[in-house]
Amino acid sequence: MEFRDLKQQYQLHKKEIDTAIQSVLNNTDFISGSKVSQLESELAEYVGVEHCITCANGTDALQLALMAWDIGISDAVFVPDFTFFSSAEVVSFAGATPIFVDIDEETYNIDPKSLEIAIDYVIKNTSLRPKVIVAVDLFGQPADFGRIRQIAEQYELLILEDGAQGFGGRIGSQKACSFGDIATTSFFPAKPLGCYGDGGAVFTDNDAWAELVRSYCVHGKGKDKYDNVRIGMNSRLDTLQAAVLIEKLKFFDNEVMQCNQIAKAYTKRLKEFVKVPIVKEGMYSSWAQYTIRFQDGEERERAIAGLKENHIPSAIYYRKPMHIQKVFEENKYNKLDYSIAERTCDCCLSLPMHPYLDSAKEVENIVGVLRSYL
Ligand SMILES: *Cc1c(COP(=O)(O)O)cnc(C)c1O
């Protein structure tokens, strides 16, 4: 059993994907080929925003957004304490200060109440200027953008939606990666929409920011890449990856739907004896991860050992909250309450989740093993 089965997906769609790859080889337009702009239009239309700019990975996408907003020294950027490192790494890389915020116990996403406390704290106790909220769509479920937007307006902050795990999710009929003033995603192979290497994208409705991101991702180009008007980076999605993604986008909605079926099957069988992930009313998750919580770390260790003995993979996303990562230890502003993030790190476990998991047989087996070890 695979944690995320990319082999089955490829076997099922081998013909179309091979043909798409071969056509790039025939054209040898490996960088900035026509498939890249085709993919950008398709992604913008899928998400429902004006602009999509692809780039080399999801981390660069976040960094490009902060560059477009000129975020730097003495700026405060609010980041959930429970997320992948990139969400905070780019803030420090830009010279700004990440202020970590506790999460909601049920959704694992940034908690709006804790967010307000953190903003007030920064205003009252530091000389930093609050600028940006990084709202992560963790494990596939969009963050609480209704509340987050209100808070952003009240304090005049920008929202950067980190949709690396959220692509394919929605709130009502509005798609993930359309909620932030700028949103980003990642096409790392294990993400909901993954390519065959590294890839990422930036989404926005704002013409000026889109223009800046297009410049920053190709050496700060002006008219072309030999006309350099600002310091940028070299961050492009290559044409082979674009070709793969165009094919995968065709069956993507179907895959997300299948993941939702599997999540439902897990939840139905697991909810009696572990804490199952909660998808809030009106939210639709793309199920980047199916993450449960045990009573404590000891119970989790027993479960992991039992699964391992039965050749069932599992993973801990995430073992350490951001505020105690070594590199952030010295950040003197992160003295807020992180008890939910801390507790979650101690007792969470992600189970196999992908569209090709057999919801009757394999899910039944995983649940049976868990049950017998608890
Ligand atoms: C994977 C991930 C990223 C980074 O994406 P890469 O393409 O690996 O650089 C950023 N944020 C979150 C929440 C992620 O899960």
Side-chain angles (χ1 to χ4, degrees), residues 3-4 6 39 43 52-67 77-94 98 100-101 103-104 107-110 132-145 148 159-169 176-177 179-180 182-203 213 216-217 233-238 241-242 244-245 248 259 277 285-291 315-322 325 328 341 344-345 348 350 353-354:
F3 189 71
R4 194 148 189 111
L6 300 173
L39 174 70
L43 289 172
C52 168
I53 304 105
T54 54
C55 62
N57 56 66
T59 308
D60 281 4
L62 290 165
Q63 193 184 325
L64 286 161
L66 295 182
M67 287 168 87
V77 177
F78 301 88
V79 181
D81 196 37
F82 185 69
T83 180
F84 182 62
F85 187 60
S86 294
S87 316
E89 181 181 30
V90 293
V91 175
S92 292
F93 195 79
F100 297 116
V101 178
I103 55 162
D104 178 275
T107 64
Y108 303 106
N109 279 329
I110 195 165
V132 177
I133 302 163
V134 176
V136 181
D137 302 331
L138 202 74
F139 301 153
Q141 177 167 206
D144 183 357
F145 286 104
I148 293 167
I159 299 175
L160 174 52
E161 178 184 0
D162 180 351
Q165 302 182 17
F167 194 84
C177 295
F179 297 105
I182 297 181
T184 63
T185 198
S186 162
F187 304 121
F188 182 85
K191 308 282 174 170
L193 180 63
C195 62
Y196 287 175
D198 275 311
V202 178
F203 300 89
V213 170
Y216 279 125
C217 72
M233 49 208 272
N234 175 20
S235 183
R236 291 174 297 225
L237 184 78
D238 65 70
Q241 301 306 336
V244 170
L245 286 166
K248 288 182 69 165
C259 286
S285 176
S286 60
W287 293 108
Q289 302 295 342
Y290 186 90
T291 304
I316 297 175
Y317 298 123
Y318 296 93
R319 205 179 270 279
K320 232 184 201 187
M322 284 294 134
Q325 287 287 359
F328 292 132
T344 304
C345 287
C348 65
S350 302
M353 170 52 88
H354 58 79

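Numbering of ligands and ligand atoms starts at 1, following listing order.
For atom 9 (O) of ligand 1, the closest heavy atom belonging to the protein is Thr59 OG1, 2.5 Å. The protein heavy-atom contact nearest to atom 13 (C) of ligand 1 is Asp162 OD2, 3.5 Å.
Lys191 forms a cation-pi arrangement with Phe84, by the criterion of a distance under 6.0 Å to the ring centre and an angle within 45° of the ring axis.
Those atoms of ligand 1 that come under 4.0 Å of a heavy atom in Asn57, given as number and element, are 7 (O), 9 (O). Counting atoms of ligand 1 from 1 in the listed order, those under 4.0 Å from a heavy atom of Val136 are 13 (C). Set against the non-hydrogen atoms of Ser186, the atoms of ligand 1 under 4.0 Å away are 5 (O), 6 (P), 7 (O). Interface of Thr83 with ligand 1, defined as ligand atoms under 4.0 Å from a residue heavy atom, comprises 13 (C).
Between the Asp137 side chain and the Gln165 main chain, no donor and acceptor come within less than 3.5 Å of each other. A distance-only check finds no donor-acceptor pair linking the side chain of Ser235 to the backbone of Cys217 [under 3.5 Å]. Side chain of Asp162 to backbone of Leu62: no donor-acceptor contact under 3.5 angstrom is found. In this structure a side-chain-to-backbone donor-acceptor pair under 3.5 Å is present from Asn109 to Leu138. Of the possible polar contacts, one joining the Glu161 side chain to the Gly180 backbone as a donor-acceptor pair under 3.5 Å is found.
Not less than 6.0 angstrom separates the ring centroid of Tyr108 from the ring centroid of Tyr318.
When only interatomic distances are considered, the shortest N/O to N/O separation between Gly58 and ligand 1 falls below 3.5 Å. Ligand 1 has a nitrogen or oxygen under 3.5 angstrom from a nitrogen or oxygen of Lys191. Where the criterion is an N or O separation shorter than 3.5 Å, residue side chain and backbone included, Ser86 fails it with respect to ligand 1.
In this structure, of Phe85, Phe84, Phe139, the residue bringing a heavy atom nearest to atom 3 (C) of ligand 1 is Phe84.
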